[in-house]
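We count ligands from 1, going down the list as the structure has it; atoms in each ligand are counted the same way.
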Amino acid sequence: MKNNITLSEIAEKLKKAERVLILCHAHPDGDTLGSARGLKEALKGKDVRCICADPVPASLEFIFEGDELPADSAEGFYPDICVALDAATPALLGSVWNRYGDLIDIKIDHHGSGEDYAPFCCVDSGVSATGEMIYELAELMGGVDGACADALYTAIASDTGCFRYSNVTEKTFRIASALKEAGADTVRINEELFENRSKEDVSAMRAALELVKYHMDGKVISVTLDRGTKERYGIGDEHMHVVSALLKEIGGARLSVLIRETDKTEGFYKISMRSKAPVDCVKLCGLFGGGGHIRAAGGSVRAESAEEAERKVLCTILENVGEI
Ligand SMILES: [Mn+2]
């Protein structure tokens, strides 16, 4: 992968720019949105717009408190620099790619597997979140204030599951400490992110607990949801991360697998895997045309029925997961 620009060089370019366009990935999460708001705050005084193909989920709107929410386009805005945040591939940018792909100058990301879709790419797969990189960038451009600190803490807390995942490093804690010192309201942000379940989230948790299946003495667990089942529980694609997160909390399981038919395409099942050492999700998801991080990755499979999807996925996993 081409990695041809440093954060200091990006800081120099951004300092010279007047108008900056920031692109978030589609189905936005706390990292892409927190990084965008954080970068916008770090560029205060310049004309900065954030755009995202999909609307910001209600639960993450707090990231843009005191500012406008990202729109899905920036008509009539002609940026000097366009930066894509936390998006490993063009496809992840969604419809924004079609309209703004040619404009992108710089990609800043922390996903190891990705594509070089920008002239300048800065990818650090050793950090927990793009928010860590934006923190360093903000420091290089003159420091972090309260709103910036809130946004970047949100980015990092989101991608680390509140500092629980294996992507957390000593540096992650050092940055979190600096953000707290800069005024990040960590208690309020943790409440917004982690103690803020909607009724639909609770339904998704109920589905997970009622439908979980145990394999290999419980070392591998799975839930399969077709569209009918999702409808029955009153949940959609936007609630699937809740199912994955809950499965990961089940003791004894080294690998949890969520197989679910998408709301949009009949017979198309997305696979989400979460693991604990030594299971490598990237390797397993690679068998289903996907990728991601070692402890969290995704892929997809086509099937006529939920049973067929489950059989295809579980057979492949159990054959390839090795000694665990
Ligand atoms: Mn991220």
Side-chain angles (χ1 to χ4, degrees), residues 1 3 7 10 22-40 42 50-54 56-57 59-60 62-64 70 83-94 96-97 104 106-118 121-138 148-169 171-173 175-176 179 184 189-190 192-194 238 240-242 244-245 248 272-275 281-282 285 290-298:
M1 194 176 340
N3 209 0
L7 289 172
I10 295 174
I22 300 172
L23 308 187
C24 296
H25 64 68
H27 307 292
D29 61 11
D31 188 24
T32 199
L33 295 172
S35 294
R37 175 78 199 268
L39 181 55
K40 193 174 176 186
C50 299
I51 58 175
C52 182
D54 294 313
V56 174
S59 62
L60 294 176
F62 75 93
I63 294 172
F64 292 90
V83 189
L85 298 180
D86 198 42
T89 64
L92 292 172
L93 288 165
V96 155
W97 169 257
I104 300 174
I106 304 170
K107 163 191 175 176
I108 303 177
D109 186 31
H110 68 122
H111 296 89
S113 52
E115 290 172 35
D116 305 324
Y117 56 80
C121 297
C122 183
V123 178
D124 184 353
S125 58
V127 298
S128 68
T130 298
E132 285 196 33
M133 301 170 80
I134 304 303
Y135 167 77
E136 292 191 21
L137 197 52
C148 182
D150 277 345
L152 297 179
Y153 178 83
T154 305
I156 297 168
S158 293
D159 262 19
T160 58
C162 210
F163 304 90
R164 288 185 305 148
Y165 302 155
S166 65
N167 56 4
V168 172
T169 64
K171 193 169 93 178
T172 312
F173 284 116
I175 292 174
L179 293 172
I189 293 166
N190 289 338
E192 295 277 9
L193 288 176
F194 305 110
E238 67 274 28
M240 293 301 111
H241 67 282
V242 176
S244 295
K248 200 174 171 290
S272 311
M273 297 190 200
R274 303 283 183 271
S275 73
C281 289
V282 176
C285 284
H293 299 287
I294 185 165
R295 297 285 164 253

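In this structure, the ring-ring contact (aromatic ring centres under 6.0 Å, His included) partners of Phe163, at least two apart in sequence or on a different chain, are Tyr153, Phe173. Residues satisfying the side-chain contact (heavy atoms from CB on, under 4.5 Å) criterion with Thr89, sequence neighbours excluded, are Ala91, Leu92, Glu115.
Here the protein contributes Asp31 OD2, Asp86 OD1, His110 NE2, Asp159 OD2 as N, O or S atoms under 2.8 Å from the Mn ion (ligand 1).
Of the N and O atoms on the side chains of Ser35 and Thr32, not one donor lies less than 3.5 Å from an acceptor on the other residue.
Looking at Asp31 and His110, their side chains come closer than 4.5 Å, going by heavy atoms from C-beta outward.
A salt bridge (Lys or Arg N to Asp or Glu O under 4.0 Å) check over residues 150-165, counting only residues at least two apart or in different chains, returns the pairs Asp150-Arg188.
Between the side chain of Arg274 and the backbone N or O of Lys248 there is no donor-acceptor pair closer than 3.5 Å.
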